[in-house]
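First the structure, in the form of structure tokens, and then the observations on it.
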Amino acid sequence: MEKKKVNINHEDVVIQVDNVSKSFGDLHVLRNVDLQLFNGENLVVLGRSGTGKSVLIKLISGLLKPDKGDIQVLGEIVNHLDERELRVLRQRIGFSFQNSALYDSMTVRENLEFPLVRNKRKLTRSEINKEVEEVLEGVGLAQAINQMPSELSGGQRKRIGIARTLILRPDIMLYDEPTAGLDPLTCLDINSLINQVQEQYQTSSIIITHDLSCAKMVGDRMVMLLDGKFERQGTFEEIFDTDDERVKPFYDYNFIV
Amino acid sequence: MGRKIEKLLIEFARIHRFMMSFLREAVSPPYEFKEIIRQCYEIGWKSFPLISLTGFIVGFVFTKQSRPSLEDFGATSWLPNLISIAIVRALAPLVTALIASGKVGSQIGAELSSMNVTEQIDAMEVSGTNPTKFLISTRIIATTTMIPVLCFYVAGIGLLGGYLSIATKDDLSILAFFTQVFESIAAKDVFAMVLRAVVFGFTIGFASTYVGYYSSKGTEGVGKAANAAVVSSMFLVFIEELLIVQLLSLIG
């Protein structure tokens with residue numbers, strides 16, 4: 001399935017990561033990392049498990065603080081914001097978790113309403129219902145509105161997780177391993193949904209993955225995290241046009257060469 | 001050694017930050033009334049069967065055990081006075097707190113910890129909502145208000161147990177029993193009971209939410225958090241009981 005051409009504004013940087021380092025004890029996960037995300041772009045971050053891909057988006061969303069360097073998101077330096085300012089900024093950032101992170105004591109409707117009623121307090125009940133139904137229809141799960149998360153399949157949970165982030169109409173989407181643990185056909189559905197979100201909501205996105213089919217299908221640009229640094233960047237073909245022994249097996253395994 | 005002291009100081013700083021964050025969110029609007037009511041139902045209403053049974057048994061057994069001592073002095077008619085003071089001043093708040101530590105504390109610790117493991121708390125944070133307001137403040141407010149309510153109930157059911165224990169041997173009407181009970185309870189006894197119950201309720205809520213919220217990741221973390229919630233709640237309840245007894249005896 002081919003990705004549609006989208007308008008990427010290379011003059012408008014929505015996320016700027018400057019010289020960021022992050023360690024956990026003696027484990028240096030990110031070392032002086034620089035990264036830019038342009039308006040309208042889908043940027044894929046590739047890398048092996050445990051290389052700090054998820055740490056990167058947790059730093060961007062302010063869930064973690066960098067040891068060194070600055071992260072600018074939509075003009076605000078995330079690591080300088082206090083809790084209240086961070087909360088306001090986060091309304092413009094959607095975060096789709098690897099395990100969906102749906103609130104398991106709430107129905108699908110309540111999951112979607114949760115951020116909406118707390119961030120847009122002036123909405124009436126009928127406006128809330130309309131928003132929820134519209135977003136659920138957008139991800140193709142209007143019928144699941146009254147179900148509990150435990151009654152949904154892995155793919156459905158992912159879709160609901162994405163729907164919950166879309167309800168606030170974010171400018172930026174952060175996807176953490178969107179296709180992890182899903183069968184190939186459901187992966188295709190999720191990849192199509194990521195592209196659909198980019199077109200329909202005009203979002204700029206960072207997609208963390210080690211699934212190369214996903215990367216190829218959704219990415220406008222890719223970077224590869226190796227030994228705590230972004231050593232390779234470019235299109236899918238540019239990334240893998242190398243004899244680097246750290247990169248080649250990655251491709252070979254995914255495409256069963 | 002230095003490392004241990006550093007760890008301890010960091011822990012104290014985190015507890016202080018947690019407390020400040022709770023106080024700020026508990027008093028500042030918007031309020032999560034719906035969630036507070038839901039938590040009151042979970043913590044209060046759902047504890048009634050267990051609390052009823054325990055309260056009744058404590059009252060019945062305490063009366064039964066006290067009878068021989070009073071019999072030696074021919075003072076069994078003082079049983080209602082003795083058990084009413086013992087139940088209202090000490091037993092009702094302590095029994096309620098210990099039962100709630102086990103039932104409510106483990107429930108809160110495990111629930112928050114599993115939300116932590118499955119990144120549900122992170123999901124709340126990144127969606128621009130405030131997990132402290134929704135998850136922490138609501139539960140602490142619910143335990144602080146419901147444990148005094150449960151405590152009054154335990155006192156009532158404990159006295160009923162005491163009456164039934166007396167009624168198996170003596171010919172005493174329930175009206176005469178409760179008249180004697182109310183004559184022997186002073187306002188300061190009720191005040192002491194409410195004070196204990198409020199302090200214990202707050203402690204159980206605070207300790208359980210704290211260990212659940214900061215639990216380590218992984219399924220092992222859920223078990224450890226549930227266990228730590230019960231142990232720390234019970235430990236703190238006993239320490240506070242000791243302090244409150246000293247404080248009240250100073251006041252007179």
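Since this is a predicted model, take the numbers as computed values, not measurements.
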* **Over 12 non-hydrogen atoms of neighbours within 6.0 angstrom of CD in A/Glu127** => yes
* Asked: By a 4.5 Å heavy-atom criterion (distance strictly below it), what part of A/Arg121 contacts chain B: side chain, backbone, both, or neither?
  -> side chain
* To do: Go through A/Phe97 and B/Val126 one step at a time and tell me if the side-chain contact (heavy atoms from CB on, under 4.5 Å) criterion holds.
  => CA-CA 10 Å; A/Phe97 286 83; B/Val126 294; 3.7 Å; yes
* Gap between atom CG of A/Leu64 and atom CG of B/Asp122 - 0.5 Å precision -> 8.0 Å
* From A/Ser105 OG over to B/Glu42 CD, what is the distance, rounded to the nearest 0.5 angstrom? -> 9.0 Å
* **Structural part of A/Ile93 lying under 4.5 Å from a heavy atom of chain B** => backbone
* Over 12 non-hydrogen atoms of neighbours within 6.0 angstrom of CD in B/Glu220 -> no
* **B/Glu111 versus chain A, the contacting section by heavy-atom distance below 4.5 Å** => neither
* Does CZ in B/Phe191 sit with more than 12 non-hydrogen atoms of other residues, nucleotides or ligands closer than 6.0 Å? -> no
* Sidechain-backbone polar pair: B/Asn130 side chain, A/Arg87 backbone, donor-acceptor under 3.5 Å -> no
* Asked: Of all heavy-atom pairs between A/Pro115 and B/Thr129, which one has the smallest distance, and what is that distance?
  -> CA-CG2, 4.0 Å
* **Check: A/Asn99/B/Glu119 side-chain N/O donor and acceptor closer than 3.5 Å** => no
* Asked: Under 6.0 Å from the NZ atom of A/Lys120, do we count more than 12 heavy atoms belonging to anything else shown?
  -> yes
* Contact part of A/Leu102 toward chain B, heavy-atom cut-off under 4.5 Å: side chain, backbone, both or neither? -> backbone
* NZ of B/Lys224: more than 12 outside heavy atoms within 6.0 angstrom? -> no
* With a 4.5 Å heavy-atom cut-off, do A/Arg118 and B/Lys133 have their side chains touching? -> no
* To do: Answer yes or no: does atom CZ of B/Phe235 have more than 12 heavy-atom neighbours from other residues, nucleotides or ligands under 6.0 Å?
  => no
* Asked: Are B/Met124 and A/Tyr103 side-chain neighbours, meaning at least one heavy-atom pair lies under 4.5 Å?
  -> yes
* Before accepting this row, confirm whether a basic side-chain N of the pair A/Lys58/B/Glu125 lies closer than 4.0 Å to the acidic partner's carboxylate O. => no
* Asked: If contact means a heavy atom pair closer than 4.5 Å, which residues of residues 148-169 of chain A contact chain B?
  -> A/Arg164, A/Leu168
* **Heavy atoms of other groups near B/Arg38 CZ, more than 12 under 6.0 Å** => yes
